[in-house]
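Okay, so here's the structure we're looking at.
Only a predicted model underlies this, so the values are computations on that prediction, with no experimental measurement involved. Heavy-atom basis, side chains included; hydrogens, waters and symmetry copies ignored. Start at 1 and go down the list; that is how both ligands and their atoms are numbered.
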Amino acid sequence: MRLPEYSDISEIILKSLTPELAFVSEKVISGQSLSPAEGLLLFEKAEPGLLGYLADVGRKRNNGDKAWFIRNFHVEPTNICVNRCRFCSFSHHFSDSKWELSVDEILAKVDQQEETVTELHITGAVHPQRDIEYYGELLKKIKTRRPGLHVKAYSAVELDYMIRKAGMDYRSGLKYLKDCGLDSVPGGGAEIFDETVRKQICGMKTGSADWLAIHRAAHELGLPSNATMLYGHIETYAHRIDHLERLRQLQHETRGFNAFIPLKFHSSNNEMKDIPEVSVTEDMKMYAVSRIYLDNFQHIKAYWPALGRKMAQVSLSFGVDDMDGTINDSTRIYSLAGAEEQSPAMTVSGMKQLIEEAGRIAVERDSLYRPVL
Ligand code: V47
């Protein structure tokens, strides 16, 4: 029996679709960018199976069968925050406890990590008494102890606050931090760019245009960054596509984003607790459409502490090529919001097993997606 070639399978699938979906699918398969209306059509009309198939085309084109992971840990220096985001379960406004780590406590956490850990992710709340010199000095001290550690630090929201407070523009503030040891910028604080939704869920924090301006400035200085989206709350599919479109446009100009990370909204212990969490099918649709729409992003990351390790494994068949990291039980943002991973930590062998069970080749990476040998 002759087995069908890849293109034959595409043809069989295309014939079973409505003309609109067949047209959009053909564009995806032949590597063309989708318009916002076409992205929306996928969210509204495509079956999860079709989305998985189309996302897989992009995933394979960018990464072959490799799925990446990193040995990393987080430091969340404080939960004391000037903002009051309604989805947040982490800040002191909604949590039973208030904390602020001293510099020595942070350095002790750095010292505790094994030598093989390559990345530190620092993010947390926007503390009113901290300033750019504090965060700059922290970077210098970390780098003195562990010069080889890649420090991905301070979301655009934290950066916005500290840079404005210093009376600097984004470029000079980021340049100062880069000179202190900042290596890249994490993707937090993006939430949803649509201004109406943003006002309702996190009206006090950095606006969308400023979030994008900070990432643009970082890219222009040679600092790579990530991008996120908080989905599954009051936003519509059109808002999600608008968010992806703004990211795709900035990436077109700068090429500075490494990865896009959809973040599922978790509803425990925050002011949006009445909103039910979306289904896992919805999660997989979100990952797949992200892979398909963001055709100029090299990587789509499943942040498993937010998604759960089982669904992160499934997401490898819905466009995901990056599993983030080993984490070492160092983040509270999602466990406080009710995510099933209450103490997120994975061993390297656990990570490899998860990836290989999904039929992918597990590759340990550094923060710039170079294989760690
Ligand atoms: O911006 C907060 C999200 C983000 C909730 O760059 C919530 O590699 C769900 O951006 N339910 C911060 N999500 C974390 C972040 C991140 C995480 C992992 C990797 C990277 C990276 C960046 O956490 C916030 C917000 O969108 N968040 N509360 C919640 N209740």
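Each of the atoms 16 (C), 19 (C), 20 (C), 21 (C), 22 (C) of ligand 1 lies under 4.0 Å from some heavy atom of H121. Ligand-side atoms of ligand 1 in range of N226: 6 (O), 8 (O), 21 (C), range being under 4.0 angstrom from any heavy atom. Within the listing of ligand 1, atoms 1 (O), 24 (C), 25 (C), 26 (O) sit less than 4.0 angstrom from a heavy atom of E191. In the vicinity of A337, heavy-atom distances shorter than 4.0 Å reach the ligand 1 atoms 29 (C), 30 (N). Within the listing of ligand 1, atoms 30 (N) sit less than 4.0 angstrom from a heavy atom of N270.
Only the side chain of I333 comes within 4.0 Å of ligand 1, counting heavy atoms alone; its backbone N, CA, C and O stay farther away. At a heavy-atom distance under 4.0 Å, only side-chain atoms of K301, from C-beta outward, approach ligand 1. Residue contacts with ligand 1, taken as heavy atom pairs separated by less than 4.0 Å, involve P186 via backbone and side-chain atoms alike. For T123, no heavy-atom contact with ligand 1 is shorter than 4.0 Å.
Checking G124, G338, G188 against atom 10 (O) of ligand 1, the nearest heavy atom belongs to G188. One option in Y334, Y303, F90 has a heavy atom closer to atom 4 (C) of ligand 1 than any other, and that option is Y334.
Residue contact check for ligand 1: M272 places no non-hydrogen atom closer than 4.0 Å to it. Under a 4.0 angstrom heavy-atom cut-off, G189 registers as being in contact with ligand 1.
Side-chain N/O atoms of R164 and Y170 include a donor and acceptor closer than 3.5 Å. A donor-acceptor pair shorter than 3.5 Å cannot be found between the side chains of Y176 and E133. D324 and N72 form a side-chain donor-acceptor contact under 3.5 Å, judged by distance and modelled atom types alone. Judged purely by distance below 3.5 Å, without hydrogens or angles, the side chains of S367 and E119 pair a donor atom with an acceptor atom. Looking at N83 and Y161, their side chains never bring a donor and an acceptor atom within 3.5 Å of each other. H150 and S184 share a donor-acceptor pair across their side chains, judged by distance under 3.5 Å alone.
Between H233 and I192 the shortest side-chain heavy-atom distance falls below 4.5 Å.
Of the polar atoms of H266, at least one N or O is found under 3.5 Å from an N or O of ligand 1, judged by distance alone. Checking only distances, F87 does come within under 3.5 Å of ligand 1, N or O to N or O. Some N or O of G187 is nearer than 3.5 Å to an N or O of ligand 1, by distance alone. At under 3.5 Å, not a single nitrogen or oxygen of T228, backbone or side chain, sits near a nitrogen or oxygen of ligand 1.
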* Taking it one step at a time, do Y154 and Y135 satisfy ring-ring contact (aromatic ring centres under 6.0 Å, His included)? -> CA-CA 9 Å; Y154 316 136; Y135 287 113; 4.8 Å; yes

* To do: Please lay out, stage by stage, how S335 and E341 fare under the test side chain to side chain donor-acceptor pair (under 3.5 Å).
  => CA-CA 6 Å; S335 49; E341 301 283 351; over 6 Å; no

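When all heavy atoms of V157 and K205 are compared, the closest pair comes out as CG2-CE, 3.7 Å. I70 approaches D366 most closely through the heavy-atom pair CD1-C, 3.6 Å.
Among all non-hydrogen protein atoms, the one lying nearest atom 8 (O) of ligand 1 is K152 NZ, 2.6 Å. With respect to atom 9 (C) of ligand 1, the closest heavy atom belonging to the protein is K264 O, 3.0 Å.
The aromatic rings of W99 and F90 sit perpendicular, their planes meeting at an angle over 60°, well past the 30° parallel limit.
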